Number of protein chains: 2
Amino acid sequence: MQVSKTLDYAVRSLTYMGNQPVGKHNMKEISQEQHIPLNYLAKIMRRLVKNGLVRSTLGPDGGYTLRKLPNEINLRDVYEAIEGEIRMVDCMDKDTLCVLYETCPQLPVWDRIQLSIIKILEDTTLEDMLKERKTVTLNRVN
Amino acid sequence: MQVSKTLDYAVRSLTYMGNQPVGKHNMKEISQEQHIPLNYLAKIMRRLVKNGLVRSTLGPDGGYTLRKLPNEINLRDVYEAIEGEIRMVDCMDKDTLCVLYETCPQLPVWDRIQLSIIKILEDTTLEDMLKERKTVTLNRVN
DNA sequence: GCATTGTGGAGCCATGAAGTCCATATTATA
DNA sequence: TATAATATGGACTTCATGGCTCCACAATGC
């Protein structure tokens, strides 16, 4: 029930890129600015590319660009690109459903939580995060 | 971001006991009824005892009893007894705060999700779960 | 052609979840 | 008082996975 570092790194990279949405950012830059191990970042970016969140270009002056505007990319997209489908519990174990499934008392609760998480993730875009951060920062400074 | 088997087992045991709140239930019984490995269950029950959710008695005819009524035990209690404090992200790494903490754009989102989870867990008692299960079951049958 | 970028995949390592086992303490009952 | 039945405490094992490294390769701009 915790956010993985991998997801953290992905969100960092994307919000970072969201600051200059049309700009191009290479791995070294992102890695240094966001304190993410370069080799690991490489792996993560591939998933973002594969899942259509980011476009990559090769060669010198290559790098990554957001495929959509920051207000068009929500956190659910990011989560699922990295972790796959959002699922609180796994009632299946190698083809067989949990023996208690039929009258499982806890399933509805995990479902409610899952829906709530999905809603929040869907409702939050990169732009939202960047705006909110600025607000928070200003509040702190003043 | 998934429910651990350990937590699942704990909830299973407690809801099971909630069916006869004043009754006494020994490990063998719970283990068999709820399909939980006996030795592992032993470990889990110790935590529930230690955290005051359950009372244990030794000797023949010993076993476990709920310390409160099913409508007085909520899922947050259970969660924290098993997993400790609920925390989505860990900004600390060995005494040092994440370098990006000050203006971290994602922290507010994980906070919102965390609060939402806590609320749902707090609002759900063992009794709620047992009642809801019956409703669900009835709906299915009819 | 060369340097610079990302790609793909194999592989490593530490950690923690899940589970086992056993020796011990407590207590009911015969 | 002996014995059997219960829980307790802790050491230990096993396995999967998150986090990370490395390297050979492909694309592309100069």
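Letters A, B, ... mirror the listed sequences (proteins, then strands); counts begin at 1. Keep in mind the model is a prediction, meaning the values are calculated, not measured.
Not a single salt bridge (Lys or Arg N to Asp or Glu O under 4.0 Å) links B:Lys43 to another residue, sequence neighbours left out. For A:Val89, the side chain to side chain contact (heavy atoms under 4.5 Å, CB included) criterion is met by A:Cys91, A:Leu107, A:Trp110, B:Val3, not counting sequence neighbours. Not counting sequence neighbours, the partners of A:Arg76 by the salt bridge (Lys or Arg N to Asp or Glu O under 4.0 Å) test are A:Glu80, A:Glu122. In this structure, A:Thr57 has no side-chain hydrogen bond (donor to acceptor under 3.5 Å, both in side chains) partners at least two apart in sequence or on a different chain. Listed by chain and number, the residues in a side-chain hydrogen bond (donor to acceptor under 3.5 Å, both in side chains) with B:Thr65 amount to none (sequence neighbours excluded). B:Lys50 meets the side-chain hydrogen bond (donor to acceptor under 3.5 Å, both in side chains) test with no other residue; sequence neighbours excluded. For B:Thr125, the side-chain hydrogen bond (donor to acceptor under 3.5 Å, both in side chains) partners two or more places apart in sequence, or in a different chain, are B:Asp128.
Applying a 4.0 Å cut-off to non-hydrogen atoms, the residues of residues 26-33 of chain A that approach DNA chain C are A:Asn26, A:Met27, A:Lys28, listed by residue number.
Separating the NZ atom in A:Lys68 from the CG atom in A:Leu126 is a distance of 10.0 Å, to the nearest 0.5 Å.
Applying the 4.5 Å side-chain rule to ILVMFWY residues, one finds B:Leu100 in the same cluster as B:Val99.
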Contact letters for nucleotides 23-30 of chain C, in which S counts primed atoms plus P, OP1 and OP2 and B counts the base, heavy atoms under 4.0 Å: ---BBB--
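The residue among B:Pro37 and B:Glu83 whose nearest nucleotide of DNA chain C is located toward the 5' end is B:Glu83.
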Pick out the pairs of N or O atoms, protein on one side and nucleotides 22-25 of chain D on the other, that lie under 3.5 Å.
none

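The OH atom of A:Tyr40 sits 16 Å away from the C1' atom of C:dG8 (whole-angstrom rounding). For the pair B:Lys5 NZ and D:dA16 C1', the interatomic distance rounds to 12 Å; values are reported in whole Å. If you measure from atom CG of A:Leu38 to atom P of C:dG6, you get 8 Å, rounded to the nearest angstrom. Rounding to whole angstrom units, CE of residue B:Met45 and P of D:dG10 are separated by 18 Å. The separation between A:Gln2 atom CD and C:dG16 atom C1' is 12 Å, rounded to whole Å.
Listed pair A:Ser4 / D:dG18 fails the phosphate criterion, with no side-chain N or O lying under 4.0 Å from OP1 or OP2.
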Show every donor-acceptor pair shorter than 3.5 Å between a side-chain atom in residues 5-18 of chain B and any protein atom, with sequence neighbours excluded, or say none if there are none.
residue: B:Thr6; atom: OG1; partner: B:Tyr40; partner atom: OH; Å: 2.7
residue: B:Asp8; atom: OD1; partner: A:Gln106; partner atom: NE2; Å: 2.6
residue: B:Asp8; atom: OD1; partner: B:Arg12; partner atom: NE; Å: 3.4
residue: B:Asp8; atom: OD2; partner: B:Arg12; partner atom: NE; Å: 3.4
residue: B:Asp8; atom: OD2; partner: B:Arg12; partner atom: NH2; Å: 2.9
residue: B:Arg12; atom: NH1; partner: B:Gln34; partner atom: O; Å: 2.7
residue: B:Arg12; atom: NH1; partner: B:His35; partner atom: O; Å: 3.4
residue: B:Ser13; atom: OG; partner: B:Tyr9; partner atom: O; Å: 2.8
residue: B:Thr15; atom: OG1; partner: B:Val11; partner atom: O; Å: 2.8
residue: B:Thr15; atom: OG1; partner: B:Arg12; partner atom: O; Å: 3.0
residue: B:Tyr16; atom: OH; partner: B:Glu29; partner atom: OE2; Å: 2.6

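Across A:Gln114 and A:Ile86, no two heavy atoms sit closer than the pair NE2-O, 3.4 Å.
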